[in-house]
Amino acid sequence: MPLKLNGYSAHICCNGKEMDMYGVQRPDAKTVSCWIASKEGKSFTVHWADETGETVMGVETFMDGRLVDDDAHDKRREGECLGFYVTGQQMRPFIFSSLNLTDSDNDEHATQTVPSELGTIRVVMTRVQEYRDSDEVFVAPAVSAIGSIDERSKKAGSHAVSMGDIKEIEALNITKVHTIGEEEEPFATFIFRYRPLAHLQANNIVPLPPRSSTKRPADTREATAASGPSNRKHRRTNEYVKKEEESDGEEDELLLEIQDQLTKLQRRLEEARAARRARAVKRDPSPIHVPVSSSDEVIDLTSD
């Protein structure tokens, strides 16, 4: 199901299939958000729709806070952004990629400020009175790459959106247009927060798959006793997941950040222990020194 808001919708497709959404939230009347599970190396596309097909609007697509597409949607039911359009015949696909991690203390090229929207895909709709043709040549917007991120950052372990290699596509009529009567504020914003599946499962945003088990022959009482606690636990898990889905996006972000910090702290602890073992020095047993008499005196140890 697409992410819906007041007769408009948006969704993300990966490998030609609509991606599942989790933890849908509506922080205000003009914004709706959800979580999706990103897969490293997989390309994806962005799609949106207008139920009436009568709206003239600008649809902006942002990846990690970077504007990658600005579509003049003129009374159509559906629209899409299949990638980063370089020209009317060339496109670079969007790809979920791992972040480049580094030790910022030793890397002068590390990104000092992590983009606040890292890990998000945002689709913004703004009403326009009309579009008029222009003679200006289309020029693709400049999109900066996500640089190296400090491995101690809260975002470490996440993904980012990168641009794939240029591909030849069927010729599109991409032109610049003049925008007339654009409203100051968007009327609909769709936010897709993406993280690796393991992160979402660790924070109960995505439920874990049911465990497979092989039943052994047993009498009715044993089977009932074995299945009872499992069912109750499953219900508690579902209730917990439901409560997590009702929390806002900021709380989910905090949980992910805490999980990332715990993982990094565990790794640093293991490295410190390994370093201590390597530095350990085996001490030789202390020798026992027996004093030597300075004379030839014989000491009689027999009793009288």
Side-chain angles (χ1 to χ4, degrees), residues 1-13 18-19 21 23-36 44-88 91-94 115-144 146 160-161 163 172-194 248-250 253:
M1 288 290 292
L3 204 56
K4 296 184 176 181
L5 182 65
N6 302 329
Y8 301 87
S9 64
H11 65 275
I12 309 296
C13 284
E18 183 177 336
M19 299 184 69
M21 301 180 301
V24 177
Q25 300 291 328
R26 190 167 176 174
D28 57 61
K30 297 181 180 181
T31 306
V32 63
S33 67
C34 70
W35 293 90
I36 58 175
F44 64 93
T45 56
V46 182
H47 305 261
W48 60 86
D50 167 20
E51 291 181 358
T52 66
E54 295 296 326
T55 306
V56 180
M57 60 183 177
V59 181
E60 297 175 307
T61 302
F62 295 85
M63 303 287 175
D64 303 319
R66 303 165 296 172
L67 177 64
V68 296
D69 185 63
D70 188 357
D71 184 80
H73 185 103
D74 195 349
K75 296 183 179 181
R76 289 179 281 135
R77 285 188 176 273
E78 297 179 347
E80 60 188 11
C81 178
L82 302 180
F84 180 74
Y85 298 103
V86 180
T87 67
M91 178 196 70
R92 299 178 65 184
F94 300 126
S116 61
E117 291 191 71
L118 182 63
T120 65
I121 300 168
R122 185 161 50 95
V123 179
V124 181
M125 299 178 176
T126 307
R127 286 189 178 88
V128 173
Q129 183 177 343
E130 66 174 311
Y131 286 109
R132 295 179 183 175
D133 293 336
S134 169
D135 295 330
E136 296 182 44
V137 179
F138 168 78
V139 178
V143 179
S144 60
I146 301 296
V161 174
M163 312 295 175
L172 298 175
N173 182 24
I174 301 180
T175 59
K176 294 196 68 174
V177 294
H178 290 301
T179 303
I180 308 299
E182 182 177 21
E183 295 183 355
E184 293 184 0
E185 298 293 334
F187 67 87
T189 299
F190 302 85
I191 300 174
F192 300 87
R193 296 186 176 92
Y194 63 88
D248 58 26
E250 292 182 357
E253 285 277 7

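Remember, it's a predicted structure, so these values are computed and weren't measured experimentally. We're numbering straight along the sequence, starting at 1.
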(message) Looking at every non-hydrogen atom in both residues, tell me the closest pair between Ser33 and Pro27 and how far apart they are.
(response) OG-CD, 4.5 Å
(request) Please name all residues satisfying salt bridge (charged side-chain N to carboxylate O under 4.0 Å, His left out) with Asp69, sequence neighbours left out, ordered by chain then number. (result) none
(request) Can you see which heavy atom on Pro2 is nearest to which on Glu18, and at what distance? (result) N-OE2, 3.0 Å
(message) The criterion is side chain to side chain contact (heavy atoms under 4.5 Å, CB included); which residues satisfy it with Thr179, sequence neighbours excluded?
(response) Val128, Tyr131, Glu182
(request) Quick one: pull up SG in Cys34 and CE in Met1 and give me the separation to the nearest 0.5 Å. (result) 12.5 Å
(message) For Phe190 versus Leu3, what's the shortest heavy-atom pair and its separation?
(response) CE2-O, 3.2 Å
(message) Going by the rule side-chain hydrogen bond (donor to acceptor under 3.5 Å, both in side chains), which residues pair with His73 if we only count those two or more places apart in sequence or in a different chain?
(response) Trp48
(message) Testing the basics here: between Phe192 and Met21, what is the closest heavy-atom pair and its distance to 0.1 Å?
(response) CE2-SD, 4.1 Å
Let me check something: any side-chain donor-acceptor pairs from residues 55-68 under 3.5 Å, sequence neighbours excluded? List them with distances.
residue, atom, partner, partner atom, Å
Thr55, OG1, Tyr8, OH, 2.7
Thr55, OG1, Asp50, OD2, 3.1
Asp64, OD1, Gly119, N, 2.9
Asp64, OD1, Tyr194, OH, 2.5
Asp64, OD2, Arg66, NH2, 3.3
Asp64, OD2, Val161, N, 2.9
Asp64, OD2, Tyr194, OH, 3.2
Arg66, NE, Met63, O, 3.1
Arg66, NH1, Ser144, O, 2.7
Arg66, NH2, Val161, O, 2.7

(request) Decide side-chain contact (heavy atoms from CB on, under 4.5 Å) for Ile191 and Thr31; before the verdict, give the C-alpha distance in whole Å, the side-chain angles of both, and the deciding distance to 0.1 Å. (result) CA-CA 8 Å; Ile191 300 174; Thr31 306; 4.0 Å; yes
(request) Kindly write out the residues that satisfy side chain to side chain contact (heavy atoms under 4.5 Å, CB included) with Asp133, not counting sequence neighbours, or none if the list is empty. (result) none
(message) Testing the basics here: between Glu185 and Thr126, what is the closest heavy-atom pair and its distance to 0.1 Å?
(response) O-CG2, 3.9 Å
(request) Hey, could you give me each pair passing salt bridge (charged side-chain N to carboxylate O under 4.0 Å, His left out) that has a residue in residues 118-131? Not counting sequence neighbours. (result) Glu117-Arg122, Glu130-Arg132
(message) So, taking the atom named CD in Gln129 and the one named CD in Glu183, what distance separates them when rounded to the nearest 0.5 Å?
(response) 10.0 Å
(request) Return the set of residues passing side-chain hydrogen bond (donor to acceptor under 3.5 Å, both in side chains) with Thr45 (not counting sequence neighbours), or none when no residue passes. (result) His47
(message) Measuring only between side-chain heavy atoms, which start at C-beta, is Ser134 closer than 4.5 Å to His178?
(response) yes
Side-chain polar contacts of residues 74-86 - donor-acceptor pairs under 3.5 angstrom, sequence neighbours left out - could you list them?
residue, atom, partner, partner atom, Å
Arg76, NH1, Glu78, O, 3.3
Arg76, NH2, Asp71, OD2, 2.7
Arg76, NH2, Ala72, O, 3.3
Arg77, NH1, Glu51, O, 2.2
Tyr85, OH, Leu82, N, 3.3

(message) Applying side-chain contact (heavy atoms from CB on, under 4.5 Å) to Val123 and Thr189, what does each step give before you reach the verdict?
(response) CA-CA 6 Å; Val123 179; Thr189 299; over 6 Å; no
(request) Return the set of residues passing ring pair (Phe, Tyr, Trp, His ring centres under 6.0 Å) with Phe94 (not counting sequence neighbours), or none when no residue passes. (result) Phe44
